[in-house]
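As structure tokens, the structure follows; a few thoughts come after it.
Order of listing sets the numbers, starting from 1, for every ligand and every atom in it.
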Amino acid sequence: MARFRTAQVAGALAAVLTFAPGAFALEGQNPGDADDPTFSRATIYRQVEKLRVLGRRMFRDPALSASGKMSCASCHDPSRGFSPANAASVQLGGVDLDRPGLRAPPSLCYKQGAPPFSRHFYESEEESPGGGVDAGPTGGLTWDGRVDAASQQALIPLFSPFEMANKNASALNALIEANYGATLRKALTDWMPQGPHPALQAAVKALQIYQETPQEFFAYSSKYDAYLGGAAALSDQEKRGLDLFNDEKKGNCASCHISLAPKTATRPRFTDDGLVALGLPRNREIAANADPAFYDLGLCGPERTDLKDHPEYCGLFKAPTLRNVALRKAFFHNGVIHDLRGAVAFYVERDVKPEKWYPRRADGSIDKFDDLPPQYWDNVNMEPPFGGKPGDAPALNDAEIDDVVAFLETLTDGYISNPRIGRR
Ligand code: HEC
Ligand code: HEC
């Protein structure tokens, strides 16, 4: 059985739920408080476990959508590292399941330990003795970091008109009440949230707690974990791939997708949670992109609205974990690349073979960075493995790209059948 830190358990149930202003506010007086002498760790533990089981069921339950046909698992398939099962760039949702989304659903694995969003992130003293440098915008959930808690996050798909499309909080509360009301009250006894929409409040908490389940969401059970633990050897090709992944002058992947455990954790999450502009090609399969004036600029909007006056943030998206990445079929925020080898090749060929990645304009010139208006091109990352000019040798040759892909394939969970869960 997983071990929990007391604070984590208490936080999971006792935190007051306050959601983003605007949409609607849910404020429950949740029961239990760490300072309350009647607050028993065992009681909280039991409530949390019951909510976890319910959250697991709700995650897979299409009854929570307006269509009656779409669940969280429709876009986040538990057997594929919580990525979509199909290869579409973006998924269809809405009342009639015919409304296309704007972004590729990310994996939901390894979100634990991701810091809340901040524009100026400093590494802890422990990780960077003497005080860290400003790592820039970092953290949060979604591709643009616009929410911090998984409970808040769940409200986005539950109400998005192109996802689960529930009309409003009252309608969804009624739906949850009809399907789970009695079960929730029984599980939570007199701990049911107070205030408006109690069933909805309990449901989003249950979904959050489910997504904190180590065995399913952060198992650290890949071949690479076995290798780090001394229980497996990497093949020669996988080892070469790891070295190229780490080498600052070659792949330099580990500068953003951290491959070694920080001192405070037992295993690396393969992301530094930083938001960076990679200058990906525009995906013409996304319906919103039929409008030439529309751009998904990530951190500066239009999905995220609080940083719209910050041109220096336009085009920045969050670096995802690369754990379980080999189970994905559409890569990057706009799902424009459909195979893992292509995703790796993009990095090393973007600047030296742009003709392979971007379309040509009518005059024959290459329309590089065609998903970003020119005034934001300075935001695009130029560090290795990027850089060089057309015709130069790429940072990784074809065989080396294959090696990196072979290494990335060692990051799929399930290699160790009975993992010892890390101490996070
Ligand atoms: C129609 C497809 C779809 C459905 C259904 C859906 N999601 Fe998502 N999910 C997405 C997309 C797309 C994103 C990225 C959104 C963005 O960046 O704006 C996302 C992002 C997330 C994230 C943030 C992950 C990260 O990397 O920061 C979480 C957590 C999440 N979803 C949980 C859920 C839960 C819980 C449900 C069910 C209540 C759900 N999703 C239903 C498509 C979906
Ligand atoms: C400067 C930071 C940085 C470096 C260096 C970097 N990445 Fe990334 N990576 C990102 C960001 C940011 C994204 C998401 C960008 C987006 O979707 O707009 C990403 C996305 C990815 C994805 C898509 C994952 C998914 O879930 O869709 C893959 C695969 C990937 N990176 C592999 C690599 C490899 C392999 C290397 C080295 C060759 C590398 N990255 C180097 C920041 C970086």
Side-chain angles (χ1 to χ4, degrees), residues 55 58-62 64-65 70-76 81-84 90-94 97 99-111 114 139-147 149-158 160 162-165 203-204 207-208 210-211 241 244-246 248 250-257 270-280 296 298 303-304 315-322 324-326 328 330-337 340 342-348 371 381-386 395-396 400-401 404-405 407-408:
M58 290 172 180
F59 191 89
R60 293 155 171 78
D61 189 352
L64 300 190
S65 64
M70 170 162 257
S71 71
C72 309
S74 306
C75 296
H76 303 289
F82 296 92
S83 290
V90 298
Q91 303 295 311
L92 293 172
L97 295 187
R99 303 231 4 220
L102 191 60
R103 296 176 178 168
S107 158
L108 302 187
C109 294
Y110 298 94
K111 300 292 158 200
L141 292 173
T142 80
W143 285 107
D144 53 30
R146 70 189 181 282
V147 292
S151 51
Q152 267 177 306
Q153 163 68 42
L155 294 171
I156 301 178
L158 284 167
S160 160
F162 52 79
E163 296 183 344
M164 295 163 84
V204 293
L207 284 167
Q208 171 175 355
Y210 168 54
Q211 290 176 81
L244 293 163
F245 188 93
N246 288 338
E248 287 173 22
K250 298 292 279 178
N252 195 28
C253 316
S255 64
C256 300
H257 301 287
F270 280 84
T271 175
D272 65 358
D273 303 294
L275 287 105
V276 180
L278 302 188
L280 286 153
D296 182 0
E303 282 294 283
R304 182 171 183 153
L316 275 63
F317 291 88
K318 203 179 54 187
T321 180
L322 297 185
N324 296 312
V325 75
R328 286 175 72 74
F331 298 88
F332 301 105
H333 73 274
N334 62 2
V336 66
I337 292 175
L340 184 55
V344 180
F346 167 75
Y347 278 92
V348 297
D371 209 19
N381 189 285
M382 295 303 294
E383 304 288 311
F386 297 119
L396 302 173
E400 290 171 331
I401 293 173
V404 170
V405 171
F407 167 65
L408 292 175

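- Set against the non-hydrogen atoms of Asn381, the atoms of ligand 2 under 4.0 Å away are 1 (C).
- Looking at Thr142, Thr271, Leu155, Leu92 and measuring to atom 27 (O) of ligand 1, the nearest heavy atom belongs to Thr142.
- The proximity of Arg328 to ligand 2, defined as any non-hydrogen pair under 4.0 Å, is limited to the side chain.
- For ligand 1, the polar-atom distance check against Glu303 finds no nitrogen or oxygen pair separated by under 3.5 Å.
- A salt bridge does not link Asp273 with Lys318: none of the charged nitrogens is closer than 4.0 Å to a carboxylate oxygen.
- The aromatic ring centres of Phe317 and His333 sit less than 6.0 Å apart.
- Checking only distances, Phe332 does come within under 3.5 Å of ligand 2, N or O to N or O.
- The residue from Leu64, Leu108, Leu207 that puts a heavy atom closest to atom 32 (C) of ligand 1 is Leu108.
- When NE2 of His257 and OH of Tyr347 are joined through atom 8 (Fe) of ligand 2, the resulting angle is 170° to the nearest 10°.
- Of all the listed residues (Arg146, Gln153, Met58), Arg146 holds the heavy atom that lies closest to atom 18 (O) of ligand 1.
- Of all protein heavy atoms, the one lying nearest to atom 8 (Fe) of ligand 1 is His76 NE2, 2.1 Å.
- Here the shortest heavy-atom distance to atom 28 (C) of ligand 2, taken over Leu278, Leu322, Asp272, belongs to Leu322.
- Between Glu163 and ligand 1, a contact under 3.5 Å exists for no N or O pair.
- For a threshold of 3.5 Å applied to N or O pairs, the pair formed by Ser71 and ligand 1 contains no separation below that value.
- For Pro157, every heavy-atom contact with ligand 1 shorter than 4.0 Å involves the side chain, none the backbone.
- Phe386 has its ring centre less than 6.0 Å from the ring centre of Tyr347.
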